[in-house]
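Have a look at the structure below before the remarks.
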2 protein chains.
Amino acid sequence: MSKNISTKDKILKASLQSFLTIGIDQTSLNLIAESIGIKKPSIYYHFKSKEEIITRCVDNLLDDLEHRIDLSLNTHTQPREQIEALYECIIDFHSGLSILVYDNSSQPVNLNSFFQRCMLEHPSIQKRIESYYHTLQVKLISILSSGQKQGAIKNSLNKEIVSIDLISRIEGMINLSALYSNAHINLQRQGLYETVWDSLKAEQQPKKKRILDYKSIDLGRKW
Amino acid sequence: MSKNISTKDKILKASLQSFLTIGIDQTSLNLIAESIGIKKPSIYYHFKSKEEIITRCVDNLLDDLEHRIDLSLNTHTQPREQIEALYECIIDFHSGLSILVYDNSSQPVNLNSFFQRCMLEHPSIQKRIESYYHTLQVKLISILSSGQKQGAIKNSLNKEIVSIDLISRIEGMINLSALYSNAHINLQRQGLYETVWDSLKAEQQPKKKRILDYKSIDLGRKW
DNA sequence: GTCTATACAAGGATAGAC
DNA sequence: GTCTATCCTTGTATAGAC
């Protein structure tokens with residue numbers, strides 16, 4: 001059942017794999033076609049242009065990620081848990097992409113460069129990406145707000161600014177791990193989660209360690 | 001004097017401008033040539049290939065940035081000052097590139113995507129980028145070490161991990177500002193510097209505000 | 001739905017005149 | 001040092017047969 005995927009989906013999968021590894025511009029339709037055992041013109045039966053493939057890849061990617069984040073946030077109620085769950089969700093998503101693309105999780109995947117390139121393609125893609133970050137920011141602001149009401153999070157912080165900071169911290173980690181061999185998400189995230197929470201928590205909170213029991217991953221892996 | 005720049009330098013400048021705005025692959029040698037008023041084959045008198053131009057751009061960029069960081073770090077002795085100076089240096093560098101490329105500083109520039117793309121080009125470029133991050137990490141570890149000796153910085157922290165975190169925080173900020181319109185370096189950095197120092201400082205340190213008197217920048221600017 | 005054949009444009013790169 | 005002319009390759013995309 002799951003083996004019998006449509007040609008259209010095969011094209012999308014192969015495209016995404018190639019886009020994320022060698023980049024959009026180095027990915028020719030010929031390459032995509034060859035990798036799934038068809039000829040180039042067949043692609044045009046399923047998609048009207050390369051741009052349409054790119055658009056569909058971005059949409060699928062972000063729809064999926066947003067959906068997973070929703071599911072994950074709904075299973076937690078405490079602000080610290082929710083923020084860690086959000087981070088884990090984003091990391092897991094990249095880890096999954098890494099496996100999709102390289103068949104193992106030790107090679108890092110960098111979505112930012114892909115998005116950056118996509119934005120040149122068409123204004124609608126730019127809007128979709130902007131909308132993803134906006135959704136993320138809104139979720140974070142809501143977590144921060146309810147955390148403040150519960151007395152778990154500092155009242156003094158600027159939620160607009162802090163929410164952006166929270167996004168940029170996890171993305172910074174992921175990006176750097178794609179550029180610099182000494183940067184490993186898996187080694188960094190424990191410290192990340194602790195310093196993030198230290199900077200958010202209300203002063204009188206008792207210190208707790210490791211709210212989330214996140215999967216332990218062997219250290220050879222980048223994620 | 002400064003107006004009479006060589007054709008070789010003109011090519012490099014125009015190339016960098018185009019690489020950083022529309023990307024390496026969208027930048028044809030024809031485009032570069034036209035933008036400085038020469039014909040495409042003339043480029044080949046100065047460079048043997050497009051790849052050589054890319055390599056020179058990356059080298060010049062990173063040599064310049066590393067040099068500025070050295071100069072800036074030498075004018076400070078306190079760990080907090082040094083870390084903020086390093087951050088300011090990186091931000092100023094991007095701001096300068098933004099002006100070079102767009103003639104104003106409100107458009108963000110993202111070096112990471114450029115580097116990411118460059119790394120596909122040639123292993124030597126990858127090594128140069130890796131070397132930049134390594135240099136940065138070594139500098140940060142040295143700052144952290146001397147801060148610990150002075151008693152200004154927590155002894156408990158893992159310098160390898162924290163130095164990576166410090167790099168990824170500033171890069172995360174810069175990257176996000178290129179992808180998401182609500183993210184503005186200029187609005188974020190004050191909070192960044194404070195939470196960074198809060199997470200590093202030894203417990204008994206007296207609280208000081210704003211060690212560095214960084215230039216105030218009007219808020220319409222992205223940097 | 002997939003193929004062969006082909007149109008058409010654009011890119012990197014070289015030869016050789018001036 | 002810069003040009004015109006040209007080569008060769010590769011890319012996106014379409015027409016039309018099977």
Side-chain angles (χ1 to χ4, degrees), chain A residues 1-59 113-114 117-125, chain B residues 1-59 113-114 117-125:
Chain A
M1 203 68 170
S2 71
K3 243 193 166 178
N4 200 359
I5 58 172
S6 67
T7 303
K8 191 163 182 170
D9 285 339
K10 278 188 203 163
I11 294 169
L12 285 172
K13 186 185 168 188
S15 300
L16 185 62
Q17 284 183 324
S18 187
F19 290 164
L20 291 178
T21 44
I22 62 174
I24 290 174
D25 295 292
Q26 321 278 322
T27 301
S28 68
L29 297 181
N30 226 327
L31 189 81
I32 297 170
E34 267 177 22
S35 76
I36 60 171
I38 61 172
K39 298 292 177 185
K40 185 167 58 169
S42 304
I43 293 178
Y44 285 92
Y45 174 81
H46 302 280
F47 299 94
K48 76 171 210 294
S49 66
K50 188 179 178 182
E51 186 189 299
E52 196 194 334
I53 299 178
I54 297 170
T55 306
R56 285 300 303 273
C57 282
V58 176
D59 281 342
S113 292
F114 174 60
R117 168 62 187 82
C118 282
M119 283 170 40
L120 295 170
E121 200 71 21
H122 200 274
S124 72
I125 304 187
Chain B
M1 205 66 170
S2 70
K3 244 192 165 180
N4 202 358
I5 58 174
S6 67
T7 302
K8 192 163 183 173
D9 286 338
K10 278 189 203 164
I11 294 169
L12 285 173
K13 185 185 168 189
S15 300
L16 184 62
Q17 284 183 322
S18 187
F19 291 164
L20 292 178
T21 43
I22 61 173
I24 289 173
D25 296 293
Q26 321 279 321
T27 301
S28 68
L29 296 181
N30 227 325
L31 188 81
I32 296 170
E34 269 177 21
S35 76
I36 60 172
I38 61 171
K39 299 291 177 186
K40 183 167 62 168
S42 302
I43 293 177
Y44 286 90
Y45 175 80
H46 301 279
F47 299 94
K48 76 173 209 293
S49 64
K50 187 178 178 181
E51 187 189 299
E52 196 195 334
I53 299 179
I54 297 170
T55 307
R56 286 299 304 273
C57 282
V58 176
D59 281 343
S113 293
F114 174 60
R117 168 62 186 81
C118 282
M119 283 170 42
L120 295 170
E121 201 72 21
H122 200 275
S124 72
I125 305 187

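All heavy atoms count here, side chains included; hydrogens, waters and symmetry mates do not. A, B, ... follow the sequence lines: proteins, then strands. Residue 1 opens every chain.
Of the candidates C:dG11, D:dC3, D:dG11, D:dC3 carries the atom nearest the B:Ser42 side chain, counting heavy atoms from C-beta on.
Here A:Tyr45 reaches the OP1 or OP2 of C:dG1: one of its side-chain N or O atoms lies under 4.0 Å away. Applying the 4.0 Å criterion to OP1 and OP2 of D:dT2, one finds that B:Thr7 has a side-chain N or O inside that range.
Rounding to the nearest 0.5 Å gives a distance of 10.5 Å between OG1 of A:Thr27 and CD of A:Gln17.
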Go along nucleotides 13-18 of chain D 5' to 3' and tag each nucleotide: B for a protein heavy atom under 4.0 Å from its base, S when only backbone or sugar atoms are that close, - otherwise.
BB----
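D:dG11 atom C1' lies 12 Å from atom CD1 of A:Ile43, rounded to whole Å. Between the NZ atom of A:Lys8 and the C1' atom of C:dT2 there is a distance of 16 Å, rounded to whole Å. Going from atom NZ of A:Lys39 over to atom P of C:dT6 covers 16 Å, rounded to whole Å. Remark: P of D:dG11 and CG of B:Asp25 are 12 Å apart, rounded to the nearest angstrom. As a whole-Å value, the separation of B:Glu52 CD from C:dG12 P is 15 Å. Between the P atom of C:dA10 and the CG atom of B:Asn30 lies a distance of 10 Å, rounded to the nearest Å. Computed from coordinates, the A:Ile24 CD1 to D:dG11 P distance equals 15 Å when rounded to whole Å. Atom C1' of nucleotide D:dC3 and atom CD of B:Glu34 are separated by 15 Å, given to the nearest angstrom.
When the side chain to side chain contact (heavy atoms under 4.5 Å, CB included) test is applied to B:Lys48, the partners found at least two apart in sequence or on another chain are B:Glu52. Checked against side chain to side chain contact (heavy atoms under 4.5 Å, CB included), A:Ser113 has the following partners two or more places apart in sequence or in another chain: A:Asn110, B:Ser113, B:Gln116.
At a threshold of 4.0 angstrom between heavy atoms, the contacts of A:Thr27 are confined to the sugar-phosphate backbone, with no base atom among them.
At a threshold of 4.5 Å between non-hydrogen side-chain atoms, the residues A:Ser42 and A:Thr7 do not count as touching. Here the side chains of A:Leu16 and A:Leu12 are not in contact, with every heavy-atom distance at 4.5 Å or above.
Listed here is the closest heavy atom pair of A:Asp25 and B:Gln26: OD1-NE2, 2.7 Å.
With A:Ser18 contributing its side chain and A:Ser15 its backbone, the two residues share no donor-acceptor pair below 3.5 Å.
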